Amino acid sequence: MSTSVLPGERPDRLEEECAVFGVFAPGEDVARMVCFGLQALQHRGQESAGIAVGDGETVVAAKDLGLVTQVFDEATLAALEGFVAVGHARYSTSGGAASWEAAQPHISAIDDVLIALAHNGTLVNTSRLRACLVDEGVQFRSNTDSEVAAKAIGQVTQATHHLRSGIRRAMEDLSGAYAMVLASPDSLYAFRDPNGIRPLCIGELPGGRGWVVSSETCGLDIVGARYVRDVAPGEIVRFNEDGMHAEQGVPAGRPAACIFEYVYFARPDSVIDGQSVYQARRSMGRILAQEAPVEADLVLGVPDSGVPPALGFAAESGIPYADGIVKNRYVGRTFIEPTQAMRQLGIRLKLNPLRSVIEGQRLVVIDDSIVRGNTSKKLVQMLRDAGAAEVHLRIVSPEVRWPCFYGIDTDTRDQLIAANMTLDEMNAWIGSDSLAFISLAGLRAAVPDARCQGFCDACFTGDYPVEIPSSVAKKSFMTKKDFEDIYAEGDQ
C-alpha cells in the first residue's frame with residue numbers, strides 16, 4: 001500500500017527506516033548520481049534527504065526535510081563537487097520525528113578530517129553507547145542511533161589513526177541492524193551488521209569508471225551500474241583509487257536477512273541476495289491460493305505491493321485478475337493539514353475503487369500485511385460501499401505479532417491487532433467475509449533463490465537474532481491484556 005500519511009495519523013503499515021547510496025567515481029558528477037540513486041530508493045524514506053561529497057581534501061554536505069526532488073535542485077547539486085559521495089533518504093523510527101538535525105548523512109570530525117555516515121537500520125544498544133561517548137566529551141546534535149554510530153567511529157578512529165580500524169573496532173560495539181555507507185575525503189566505505197539484517201549491494205560503473213553501493217539493485221540500475229555482489233554480513237568494503245578492497249570487520253553471525261524486504265519494502269524490480277522481489281511476490285500469491293482457497297469472481301491486488309501476489313493468486317486459482325483499485329500516485333507526504341471532513345475520507349485519498357469492475361462481484365483482495373488493522377477495515381468498507389457482494393482478504397505475510405527493533409516502524413504488541421485478537425476476531429472487526437494469512441513455511445518457500453541461509457522473521461515469531469535489552473523489551477512486548485491485568489491489579 002501507499003506509505004503516505006496524513007498529518008496527525010499513525011501509519012497503519014510496516015515502514016522501512018531508510019535508504020543509503022554511495023559512489024566512488026573520479027571524473028563523474030557523483031552528487032548527481034547519488035541524487036538519482038536516492039530517487040530510485042525514495043520508497044524507503046520520505047521525511048528527509050541528504051548528500052555528502054568528498055573532494056580529496058574535505059567533506060561537504062547538503063540535507064533537508066522533504067523528498068529528494070524537494071531538497072535538491074541544480075544549484076545545490078552544482079555546489080557538491082568531488083569524486084566520492086554518500087546519500088540518505090530517511091523515514092524516522094529510532095530518533096523520533098523528522099528534524100533537520102536527525103537528517104543524514106551525519107558529519108563527524110576525526111581531528112581535522114571530516115567523515116559522513118549514512119545508516120539504514122536501528123541499533124539496540126544506543127543508550128549505552130551514547131552514555132559512554134558523552135562521558136568521553138562527545139557532543140550530539142540529535143537523538144538518533146545513526147549519529148551515535150558516526151560519533152563512535154570517529155572517536156575510535158582518533159585513537160587508532162586508521163579509519164578502517166576505527167570502523168572495525170566500532171562494529172565490535174554496535175549491536176542491532178545496520179547497513180552503512182561512509183565517505184571520507186578520498187574513500188568510500190560500506191559495511192553491514194554480522195547478521196546481514198538490512199540489505200546492501202555493490203555495483204560497478206561501465207568501463208571501470210567507478211563503484212556504487214545501494215540499499216537495492218534498483219539504485220544501481222538507475223545510474224547504469226552492473227550488480228557485482230552484496231556486502232557480506234560483518235564485512236567492510238573500501239573503494240578508492242586502488243579499487244575495491246574487502247575484509248571481514250567482525251565475524252559473521254546467525255544469517256538473518258529481513259524477509260519483509262520481499263513482502264513489501266523493496267521495489268519489485270530489485271534483486272535482494274540473488275532473489276527477484278517480483279518473482280517472490282508472485283510465488284507468495286500462488287502459495288497463498290493453495291493454502292487458503294476461496295470461491296470468488298475476481299482477484300484484486302491492493303496497489304502497489306499487493307498486485308504481483310494477486311497475479312500469482314489468480315494464476316494458481318483460476319479466478320480472473322482485475323484492476324479494481326486505483327492508487328493516487330501523487331499523494332505523498334504532505335505538510336498541508338486536511339480538514340476533518342477530508343480526514344474522514346481516510347483511505348480514499350490514496351486508493352479508490354472502480355465501481356464498474358467490482359459492483360456485484362465476490363472479491364479476493366490481496367494485501368501485503370495487517371499491522372493495526374485500521375486500513376484493512378477502511379478498505380473492506382470502501383469496497384462494500386462500491387457494491388462488492390463479498391470481500392475475502394488474503395494476506396501474503398503471516399500475522400505480525402511482535403515489534404521490530406531493527407529498522408522498521410512497528411508499535412508495541414498492544415498496538416498489533418494479531419497479538420491481541422484471534423483470526424476470527426480480526427475477521428469480524430475488519431468486516432471481511434473471510435480472512436487468511438500465508439503460513440511462515442509458505443512465505444519461506446516463496447524465496448527459493450535467496451542466497452542468504454537464514455531470515456529474520458521476528459515480527460511473526462518473536463525469535464530475535466540480536467538480543468533486545470530488557471529495558472526496551474519490557475514495555476514493547478506487552479499486549480493489551482497485559483496492560484489490562486496490570487491496571488486490574490492496581491485497582492485491587
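Predicted model only: the values in this text are computed from it and were never measured.
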Mind checking whether T375 and K378 have side chains closer than 4.5 Å, heavy atoms only?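 No, their side chains stay 4.5 Å or more apart.
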Below 4.5 Å, heavy atoms only, C-beta onward: do S184 and V84 meet side chain to side chain? no
Please report the interatomic distance [atom1]([X]) to [atom2]([Y]), rounded to the nearest 0.5 Å.
X: R90; Y: S48; atom1: CZ; atom2: OG; result: 6.0 Å
X: K377; Y: I417; atom1: NZ; atom2: CD1; result: 8.5 Å
X: L38; Y: R44; atom1: CG; atom2: CZ; result: 12.0 Å
X: I115; Y: L163; atom1: CD1; atom2: CG; result: 6.0 Å
X: L123; Y: L174; atom1: CG; atom2: CG; result: 5.5 Å
X: L220; Y: F21; atom1: CG; atom2: CZ; result: 6.5 Å

Which pair of heavy atoms, one from [X] and one from [Y], lies closest together, and at what distance?
X: C201; Y: Y227; result: CB-CE1, 3.9 Å
X: L41; Y: G219; result: CD2-N, 4.4 Å
X: I107; Y: V59; result: CD1-CG1, 4.3 Å
X: E216; Y: S270; result: OE1-OG, 2.6 Å
X: R401; Y: A418; result: NE-O, 3.5 Å
X: T157; Y: I167; result: OG1-N, 4.5 Å

Are R444 and D457 close enough, and set up right, to give a side chain to side chain contact (heavy atoms under 4.5 Å, CB included), and what steps lead you there? CA-CA 10 Å; R444 289 173 173 164; D457 50 28; 2.2 Å; yes
Could you walk me through whether R254 and D463 pass the salt bridge (charged side-chain N to carboxylate O under 4.0 Å, His left out) check? CA-CA 12 Å; R254 161 188 166 187; D463 180 15; 3.1 Å; yes
Could you give me the CA-CA distance, side-chain angles and deciding distance for Y406 and V466, then say whether side chain to side chain contact (heavy atoms under 4.5 Å, CB included) is met? CA-CA 9 Å; Y406 306 137; V466 179; 3.6 Å; yes
Pick one: which of D304, V307, V302 meets side-chain contact (heavy atoms from CB on, under 4.5 Å) with K327? D304
Check step by step if side chain to side chain contact (heavy atoms under 4.5 Å, CB included) holds for V228 and R226. CA-CA 6 Å; V228 176; R226 175 185 62 86; 4.0 Å; yes
Give a yes or no answer on whether the side chain of [X] reaches the backbone of [Y] with a donor-acceptor pair at less than 3.5 Å.
X: T217; Y: V271; result: yes
X: T76; Y: F72; result: no
X: S187; Y: N240; result: no
X: E57; Y: P185; result: no
X: D55; Y: T58; result: yes
X: R281; Y: S305; result: no
X: N125; Y: D173; result: yes
X: N120; Y: V20; result: no
X: D230; Y: A232; result: no
X: Q39; Y: Q42; result: no

Verdict with supporting geometry, T144 and H119, side chain to side chain donor-acceptor pair (under 3.5 Å): CA-CA 10 Å; T144 68; H119 168 209; over 6 Å; no
Ionic contact status for [Y] with [X], cut-off 4.0 Å:
X: E204; Y: R209; answer: no
X: K63; Y: E101; answer: no
X: D193; Y: R198; answer: no
X: E147; Y: R141; answer: no
X: R238; Y: E247; answer: no

If you apply the rule side chain to side chain contact (heavy atoms under 4.5 Å, CB included), what do you find for I438 with I395, and how did you get there? CA-CA 6 Å; I438 196 171; I395 310 300; over 6 Å; no
Is there a ring-ring contact (aromatic ring centres under 6.0 Å, His included) between F460 and F260? Walk through the geometry before answering. CA-CA 10 Å; F460 311 132; F260 231 99; 5.7 Å; yes
Set of side chain to side chain contact (heavy atoms under 4.5 Å, CB included) partners for V231, sequence neighbours left out: A190, R192, L200, I202, E235, V237
Holding to side chain to side chain contact (heavy atoms under 4.5 Å, CB included), I want the full list of residues that pass it with P255, two or more places apart in sequence or in another chain.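 Scan of P255 (side chain to side chain contact (heavy atoms under 4.5 Å, CB included), adjacent residues dropped) gives Q453.
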Do R130's NZ or CZ and the ring of F140 fall within the cation-pi criteria of under 6.0 Å and 45°?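 Yes, R130 lies over the aromatic ring of F140.
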Could you tell me how the ring of F24 sits relative to the ring of F83: parallel (under 30°), tilted (30 to 60°) or perpendicular (over 60°)? perpendicular
With salt bridge (charged side-chain N to carboxylate O under 4.0 Å, His left out) as the rule and sequence neighbours excluded, what pairs involving residues 108-125 come up? none
Look at atom CD of E136 and say whether more than 12 heavy atoms of other residues, nucleotides or ligands are closer to it than 6.0 Å.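 Yes, because the 6.0 Å sphere around CD of E136 holds more than 12 heavy atoms from other groups.
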With a sphere of 6.0 Å drawn around CZ of R282, does it hold more than 12 non-hydrogen atoms of other residues, nucleotides or ligands?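 Yes, enclosed.
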Under 3.5 Å, is there a donor-acceptor pair linking the side chains of S146 and H88? no
